[in-house]
Amino acid sequence: MDTYDPKTIETKWQRVWEDARAFYVDDPPPGAEPDDKFYQLEMLPYPSGNLHMGHVLNYTLGDVVTHFQRRHGKHVLRPMGWDSFGLPAENAAINEGGHPREIVERNIDNIERQMHRLGWAIDWDRVIAAHDPAYYRWTQWLFLRFLEHELAYRKEAAVNWCPHDQTVLANEQVVNGHCDRCGTAVEVRKLEQWFFRITAYADALLRDHALIDWPERTKTIQRNWIGRSEGAELLFRIDELDVDVPVFTTRPDTVFGATFFVLAPEHPLVDTMVERSPNGAELGEYVSKAMLRRVEERASAEDKTGVFTGFVATNPATDEPIPVWVADYVLMEYGTGAIMAVPGHDERDRAFAEGFELPVVPVLDEEAGTLVDSAQFSGMAVEEAKQAIVEWLGSRGRGRSAVSFRLRDWGFSRQRYWGCPIPVVYCENCGIVPVPDDQLPVLLPEVDDYRPKGKPPLASNEEWLNVPCPSCGGPGKREAETMDTFVDSAWYFLRYCDPHNDREPFSRRLVDFWGPVDQYIGGIDHATGHLLYSRFFVKVLNEQGMVGFREPFQRLFHQGWVRQGGTKMSKSKGNVTAPDELADMYGADAVRLYILFVGPADQDMDWTEEGIEGIGRFLRRLWRIVHEAADGPGGSDGDAGPLVRKAHETIAKVTDDIGRRFVFNTPIAAVMELVNELGRDPSAPGARFAAETAVSLIQPYAPHIAEELWSTLGHERLWEAPWPVADQTQLARETFELVLQVNGRVRDRVEASVGESEAELVERAKASPKVQVHLDGKEIRQTIVVPGKLVNLVV
RNA sequence: GCCGGGGUGGCGAAAUUGGUCAUACGCGCCUGACUUAAAAUCAGGUGUCCCUCCGGGGACGUAAGGGUUCGAGUCCCUUCCCCGGCACCA
């Protein structure tokens with residue numbers, strides 16, 4: 001027996017798998033039924049720097065599922081690609097000093113090497129990269145379809161601007177008022193931007209949660225983010241300006257208590273008011289100050305601020321004039337940017353009314369939940385009144401039921417170089433003109449200076465910028481902004497199904513065979529970003545007949561964060577080791593096992609190398625014990641005995657854990673138990689079967705050593721061997737340990753046979769001397785028998 | 001404030017439908033074997049407290065308190081703490 005040398009066998013088997021094209025799949029496999037397929041996907045990595053332990057967890061999880069499903073006879077599509085456009089990659093390039101393309105491609109080579117080193121079962125024929133023209137050609141093509149359907153549009157909007165990264169950020173990229181990437185405080189700027197009309201799908205995105213098997217947590221986050229509120233849109237007339245101003249309210253029942261009216265500083269009417277109001281100067285000053293304050297600052301301000309506009313609006317319920325104010329506690333981003341203020345029943349309005357001595361009129365009896373001082377609606381219950389008042393106002397042309405969302409349209413243009421060019425041309429005569437499909441891709445030109453400086457770097461590239469208008473042939477300018485990288489990743493999982501197609505982004509036949517993704521694995525940090533965008537894209541593509549499903553990811557699992565906390569470890573052991581260095585020290589199998597063994601995969605952890613030695617010990621023990629079992633007299637499946645039974649129990653446990661419970665740490669413990677038992681006597685009856693079982697079950701985690709030991713045991717190609725099946729007759733027991741309790745406390749345990757009747761079991765309990773001590777001659781008031789488990793005597 | 005998830009040995013964690021002295025598996029630690037020695041390896045031990053004739057016996061113990069139940073880590077109530085989402089959203 002050779003000693004266990006991970007490096008040698010890992011290199012050896014990786015070559016064998018590659019030569020056998022073990023993990024590549026045809027499209028679709030000949031004779032495959034749709035039910036035979038399994039699409040396993042993990043979120044694709046940004047190719048910046050090195051893999052870290054978080055990646056190792058993510059992709060090893062996917063790998064275990066891949067092997068498990070393959071060995072259950074599924075045709076498993078398990079691809080890999082690179083999210084190589086966008087800020088993370090570009091920032092990495094800026095930091096490392098070089099052209100993004102070179103940096104990104106170097107990083108891709110490195111990461112790909114690390115992935116091979118860890119032995120992940122990937123179909124490398126299907127690799128895609130966001131920055132590859134063969135890919136982004138189709139990102140552009142899809143954008144044009146969105147544009148055709150008016151689901152992509154351009155408008156001026158107040159946007160989040162990161163002064164450090166010199167670019168616009170999507171709401172999803174702003175965390176607590178700071179740039180998600182660099183942490184700089186975000187400013188608000190008014191700019192023309194490209195948007196995807198995701199708000200048109202707000203309801204569908206909520207409704208279709210019912211179709212997918214996702215963690216409740218994630219659905220809740222999306223639900224909160226979409227923020228659906230039911231209410232009404234009511235019209236308040238400002239006579240002097242001859243306008244009806246709509247407000248959104250969830251409390252139309254309180255309209256009789258609306259004693260003033262508030263506009264957001266950004267509200268379009270405010271400009272007119274500044275011009276025409278007697279205190280226009282003060283108003284103008286307030287507005288420009290408010291616009292400079294970040295939303296976060298506005299919210300944290302202790303006192304509410306505002307200025308009276310000098311105008312009055314008519315309350316549509318009371319027909320009374322109420323003063324119109326401008327105040328920054330009203331946000332332009334939500335509802336209509338105007339509110340009816342009901343200080344009697346809204347905390348914020350109350351605070352404002354108190355600050356500025358505005359009238360407070362209660363219109364609800366809070367105790368009774370009924371309306372007061374509300375004309376014919378007085379005495380009505382709140383819910384009833386909501387409907388009745390909206391109907392009544394509706395009949396007067398002053399209101400209607402409405403739904404409002406917190407979700408905003410997705411601003412996806414970026415003033416940066418390293419992204420997918422937006423394929424439109426601006427023409428003085430024709431306006432925004434799409435680049436014709438047959439002229440795609442619009443290639444990202446090579447430039448020397450790609451650093452951001454407030455305007456898109458491509459805007460300085462005259463040679464590239466100036467092109468004839470595709471429509472009239474007159475002078476035109478290309479769009480110099482590029483797409484957010486989340487556009488690239490909103491459809492990549494579809495391209496994997498048909499990665500080499502050069503006539504269309506993917507064929508309907510192939511996406512409908514492979515799609516949707518059966519199991520998606522990735523971080524929960526993408527809950528309101530990538531996961532929402534991808535759902536939106538698939539809904540649009542479904543409506544346009546390009547895919548046959550409405551949801552991209554049928555099942556979703558979030559791995560926990562691997563943190564590198566400030567524990568003693570990092571101090572005493574110096575820097576945290578990179579995954580491939582760790583693989584060189586202990587072997588890829590040990591790294592893979594360890595990251596899944598330390599705890600539940602969906603739970604956050606502080607990374608520590610303490611304990612990986614234990615996995616190393618386990619693998620060496622496995623190696624030695626399997627060799628001993630292989631050399632010994634052995635014994636096969638047919639032999640009964642404790643070892644064979646233990647093997648079948650382990651099969652049942654591991655299969656249930658991975659397949660049904662989707663837990664990955666306890667199967668390793670179960671195999672360790674089996675190996676411990678086998679190690680007590682590797683020549684016991686059934687030892688060979690136990691060894692084969694242990695090797696077979698550990699294969700998804702540690703495929704290299706498993707493959708090597710499988711051949712030691714005289715077999716071939718474990719990667720395509722059927723997953724073992726627990727033999728129910730082996731699991732069945734003739735006897736069991738009967739637990740004897742007195743008053744719910746265990747007092748004794750005896751061997752009992754499964755055939756015994758309840759009365760017989762009770763007799764055995766009464767016969768036990770240990771039980772008798774606790775019965776102490778007392779009267780038995782109750783007897784509980786759980787068949788196959790226990791007898792409880794209550795005295 | 002609203003919504004969601006948690007709290008188990010020295011440590012990472014098991015306990016799946018309320019039913020096997022709760023703590024599997026691993027780490028760490030302790031003892032022993034091998035060794036000149038150490039490492040590695042192997043064998044054994046390791047919740048707390050009390051009693052012991054050394055065979056063992058008993059009580060307590062899953063954030064705190066209460067409840068349901070023959071029986072609760074698991075179900076219910078109250079409180080505390082931690083993590084995450086939303087939050088001047090009308």
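Note that these values count all heavy atoms, side chains included, but never hydrogens, waters or copies made by symmetry. Proteins come first, then strands; the chains are lettered A, B, ... in the order of their sequence lines, and each starts at number 1.
When the P atom is compared between B:rA59 and B:rA63, the two are found 22 Å apart, to the nearest whole Å. Across the C1' atoms, B:rC80 and B:rC89 are found 32 Å apart, a figure rounded to whole Å.
OP1 or OP2 of B:rC89 has not a single side-chain nitrogen or oxygen of A:Arg251 nearer than 4.0 Å. Applying the 4.0 Å criterion to OP1 and OP2 of B:rA24, one finds that A:Asn665 has every side-chain N and O outside that range.
Across all strands, A:Val330 comes closer than 4.0 Å to base atoms (heavy-atom distances). A:Gly614 comes within 4.0 angstrom of sugar-phosphate atoms only, judged by non-hydrogen atoms across all strands, and of no base. If you check every strand for non-hydrogen atoms under 4.0 Å, A:Lys219 touches nothing.
Rounding to whole angstrom units, CG of residue A:Leu596 and C1' of B:rG26 are separated by 14 Å. One atom, NZ of A:Lys304, and another, C1' of B:rA90, lie 11 Å apart when rounded to the nearest Å.
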Grab the N/O contacts between the protein and nucleotides 68-70 of chain B below 3.5 Å, and write none if there aren't any.
| residue | atom | partner | partner atom | Å |
| --- | --- | --- | --- | --- |
| B:rC70 | O2' | A:Asn792 | ND2 | 3.3 |
| B:rC70 | O2 | A:Asn792 | ND2 | 2.4 |

Can you pull every protein N or O that's under 3.5 Å from an N or O on nucleotides 41-45 of chain B?
| residue | atom | partner | partner atom | Å |
| --- | --- | --- | --- | --- |
| B:rU41 | OP1 | A:Arg620 | NH2 | 3.2 |
| B:rC42 | OP1 | A:Arg624 | NH2 | 3.4 |

Could you list, one pair per line, each protein nitrogen or oxygen that sits under 3.5 Å from a nitrogen or oxygen of nucleotides 83-87 of chain B, together with the distance?
| residue | atom | partner | partner atom | Å |
| --- | --- | --- | --- | --- |
| B:rC86 | O3' | A:Arg406 | NH1 | 3.2 |
| B:rA87 | OP1 | A:Arg406 | NH1 | 2.0 |

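Among pairs with a residue in residues 589-602 of chain A, those fulfilling salt bridge (charged side-chain N to carboxylate O under 4.0 Å, His left out) read A:Asp63-A:Arg592, at least two apart in sequence or across chains.
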Output the pairing pattern of RNA chain B as a dot-bracket string, 5' first, Watson-Crick or G-U wobble with both distances under 3.5 Å, | for cross-strand pairs, [ ] for crossing pairs. (((((((..(((......[.....)))((((((.......))))))(((((....)))))..(((((..]....))))))))))))....
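With a 6.0 Å radius and a threshold of 12 heavy atoms from other residues, nucleotides or ligands, A:Gln387 has its CD atom at or below the threshold.
Qualifying side chain to side chain contact (heavy atoms under 4.5 Å, CB included) partners for A:Leu790, counting only residues two or more places apart in sequence or in other chains: A:Val739, A:Gln741, A:Val786, A:Asn792.
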